[in-house]
Undergrad: 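Dumping the structure here so I can ask a few things about it.
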Number of protein chains: 2
Amino acid sequence: MTTARPLRVLLADDEHLIRGALAALLALEEDLVVVAEAASGPEALAMALAHRPDVAVLDLQMPGADGVKVATSLRAELPDCRTMIVTSHGRPGHLKRALAAGVRGFVPKTVSARRLAEIIRTVHAGNRYVDPELAADAISAGDSPLTAREAEVLELAADGAPVAEIAERASLSQGTVRNYLSSAASKIGAENRHTAVRLARERGWV
Amino acid sequence: MTTARPLRVLLADDEHLIRGALAALLALEEDLVVVAEAASGPEALAMALAHRPDVAVLDLQMPGADGVKVATSLRAELPDCRTMIVTSHGRPGHLKRALAAGVRGFVPKTVSARRLAEIIRTVHAGNRYVDPELAADAISAGDSPLTAREAEVLELAADGAPVAEIAERASLSQGTVRNYLSSAASKIGAENRHTAVRLARERGWV
DNA sequence: CAGCGCACATGACAAACGTCATACGGTGAC
DNA sequence: GTCACCGTATGACGTTTGTCATGTGCGCTG
């Protein structure tokens, strides 16, 4: 059993420093081999199709397309490839999106390389792994109490646009927009739409 | 000249994965030795005092105290130790703050490890190094047109607090607060304080 | 089918906000 | 020593928001 076929890994992260360092560390693991690296979402996708890795380790924030988008495409185009997300900022919403996209591993960058290698093996074996802390956050954040429209309007309000502009962009009357913003804010427990936007962001509801 | 005293490096980054990987890569450089690692601002400070490194490589965002704060303290307590900042999100304002704190190197995490090693040597030699792209951003963002008070009030407005609360926290009258917010927004070219906050953030003015 | 929740709307009122004029004391520059 | 700019303040004005009541129509679900 010493000559098992090595586990082929794709590494995608826009930070060269991290990516290179990670590749070096994973190379120390005998059963892992990094077959491709990418610095952007589209590049990750292209690399995956070219090299057909067993596991794709994706950074959440990358130029072009974020980790979850890449995972979604990968699921369609390369179903045998397991995907996992590594991230610095673990927002509850991201985790939820990721799991919905078929991602099987979700870990913060605070883990050690050894641990990451273990998790890569876990994921490859067909199991899932979600960082317990992030999972707890996601659960405690709960599901969004917002209706689809409320969320949409809140999102349009995100950059501080006045009601008139939001109304126009959403093709709604100004009164309706105010109603939605008001009910969204009260559901969230914020005193005004701006704090509502911030809180919704933090909880991954927008 | 082969047995020169090695260059002693302190590594501070809250992401274990990155920090470990970085340490491993820097260890490949013959003339560098990582003498200490830290995962938070205070820890970095303590480690520096205990191990007296030649160069401290600090992540910008860390729990406890950010890289710039650590650099400031270090400058006072360990003047011989050069400091440099490594960061993922290079906002213009951070660079300015960092240079003011006596930081001698400022690089994004997109550089390669080899390059980082070179820069560590540059910094140790007493020179400065600032990533050209970040420098260009900082220059094009220009200086803040805001007065000290305007910036302060704008910062208090950052989380969407109403004027009354800002006034209380700044010990100002509500009218004054509104005046400041109004003039700050007009200087920035924003239509209201919320977009003003956002733009000021992007330009590193708060 | 009756009831419920949602999308969407209107009108009205109070509170918050943005803007402007005006004022006065302090500080630094010329 | 005047001039300009800043910090601070007030009062007044119109506009934008937040909130509420109320209404219509639609699609589920019991």
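To find a chain, count down the sequence lines: A is the first, B the second, and so on, and within it residues start at 1.
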Undergrad: Return no unless some side-chain N or O of B:S173 is found under 4.0 Å from OP1 or OP2 of D:dT8.
TA: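 No.
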Undergrad: For the helix from C:dC1-D:dG30 to C:dC30-D:dG1, how many degrees between its two end axes (five pairs per end), to the nearest 10°?
TA: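 About 30° separates the two local helix axes.
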Undergrad: Looking at side-chain heavy atoms only, is the closest gap between A:Q61 and A:S88 below 4.5 Å?
TA: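 SC-SC contact between A:Q61 and A:S88 confirmed.
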Undergrad: How many angstroms lie between atom CE of A:M84 and atom CG of A:L58, to the nearest 0.5 angstrom?
TA: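 Reported value, rounded in 0.5 Å steps: 9.0 Å.
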Undergrad: Could you check which of D:dT10, D:dG18, C:dC17 has an atom nearest any side-chain atom of B:R193?
TA: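 The closest nucleotide is C:dC17.
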Undergrad: Is there a side-chain contact between A:L25 and B:L17 in this structure, where contact means two heavy atoms from C-beta onward sitting under 4.5 Å apart?
TA: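 No, every pair of side-chain atoms sits at 4.5 Å or beyond.
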Undergrad: With a 4.5 Å limit on heavy-atom distance, are the side chains of A:T176 and A:V153 in contact?
TA: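 A:T176 does not reach A:V153 side chain to side chain.
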Undergrad: Given atom CG of A:L181 and atom P of C:dA7, what is their separation to the nearest angstrom?
TA: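 After rounding, the gap between these two atoms is 14 Å.
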Undergrad: Nearest to the A:P162 side chain among D:dA9, D:dT17, C:dG18, which nucleotide is it?
TA: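 Of the options given, the side chain of A:P162 lies nearest D:dT17.
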Undergrad: Let me know the distance between NZ of A:K187 and P of C:dG5, rounded to the nearest Å.
TA: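 Interatomic distance, NZ of A:K187 to P of C:dG5: 11 Å.
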Undergrad: With the side chain counted from C-beta on, respond yes when A:I188 and A:L154 share a heavy-atom pair under 4.5 Å apart, and no when they do not.
TA: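 Yes, their side chains come closer than 4.5 Å.
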Undergrad: Could you tell me the separation between the OH atom of B:Y180 and the P atom of C:dC20, rounded to a whole number of Å?
TA: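 About 17 Å, once rounded to whole Å.
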Undergrad: Show your working on salt bridge (Lys or Arg N to Asp or Glu O under 4.0 Å) between A:R149 and A:E152 and close with a plain yes or no.
TA: CA-CA 5 Å; A:R149 275 299 195 252; A:E152 187 187 329; 2.9 Å; yes
Undergrad: Taking atom C1' of D:dT15 as reference, at what distance in whole Å does atom CZ of A:R178 sit?
TA: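 It works out to 11 Å between those atoms.
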Undergrad: Is any side-chain heavy atom of B:H94 closer than 4.5 Å to one of B:L60?
TA: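 Of all side-chain heavy-atom pairs linking B:H94 with B:L60, at least one is under 4.5 Å.
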Undergrad: Side chain of A:T147 only, heavy atoms from C-beta on: which candidate in D:dG18, C:dA7, C:dT19 is closest?
TA: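 Closest nucleotide among those given: C:dA7.
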Undergrad: Identify all pairs in which a protein N or O lies below 3.5 Å from an N or O of nucleotides 24-30 of chain C, and state each distance.
TA:
none

Undergrad: So which nucleotide from C:dA9, D:dT17, C:dG18 ends up closest to the side chain of B:S182?
TA: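 For the B:S182 side chain, the nearest candidate turns out to be C:dG18.
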Undergrad: Could you pick out which residue, A:N192 or B:L172, lies toward the 5' side of DNA chain D when each is mapped onto its nearest nucleotide?
TA: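 Result of the comparison: B:L172.
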Undergrad: In residues 98-114 of chain A, what donor-acceptor pairs under 3.5 Å come from side-chain atoms, sequence neighbours left out?
TA:
unit_1 : atom_1 : unit_2 : atom_2 : d
A:R104 : NH2    : A:G126 : O      : 2.9
A:K109 : NZ     : A:D13  : OD2    : 3.2
A:S112 : OG     : A:R115 : N      : 3.2
A:R114 : NH2    : A:E29  : OE2    : 3.1

Undergrad: Counting heavy atoms from C-beta on, name the nucleotide in D:dA9, C:dA7, C:dA9 closest to the side chain of B:N179.
TA: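 When the side chain of B:N179 is considered, D:dA9 is the closest of D:dA9, C:dA7, C:dA9.
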Undergrad: A:E165 CD to D:dT17 P: how many Å, rounded?
TA: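 My rounded result for the distance is 10 Å.
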Undergrad: When you look at CZ of A:R201, are more than 12 heavy atoms from neighbouring residues, nucleotides or ligands closer to it than 6.0 Å?
TA: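 Open.
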Undergrad: Heavy atoms, side chains only, cut-off 4.5 Å: are A:R8 and A:H51 in contact?
TA: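 The answer is yes; the side chains approach within 4.5 Å.
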Undergrad: May I have the distance from B:H194 (atom NE2) to D:dT17 (atom C1'), rounded to whole angstrom?
TA: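 Computing the B:H194:NE2 to D:dT17:C1' distance gives 10 Å.
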Undergrad: Taking CD from A:E152 and C1' from C:dC6, how many angstroms apart are they, rounded to a whole number?
TA: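 Between C1' of C:dC6 and CD of A:E152: 14 Å.
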Undergrad: For A:R149 and D:dC26, what is the distance between atoms CZ and P respectively, to the nearest whole Å?
TA: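 That distance rounds to 16 Å.
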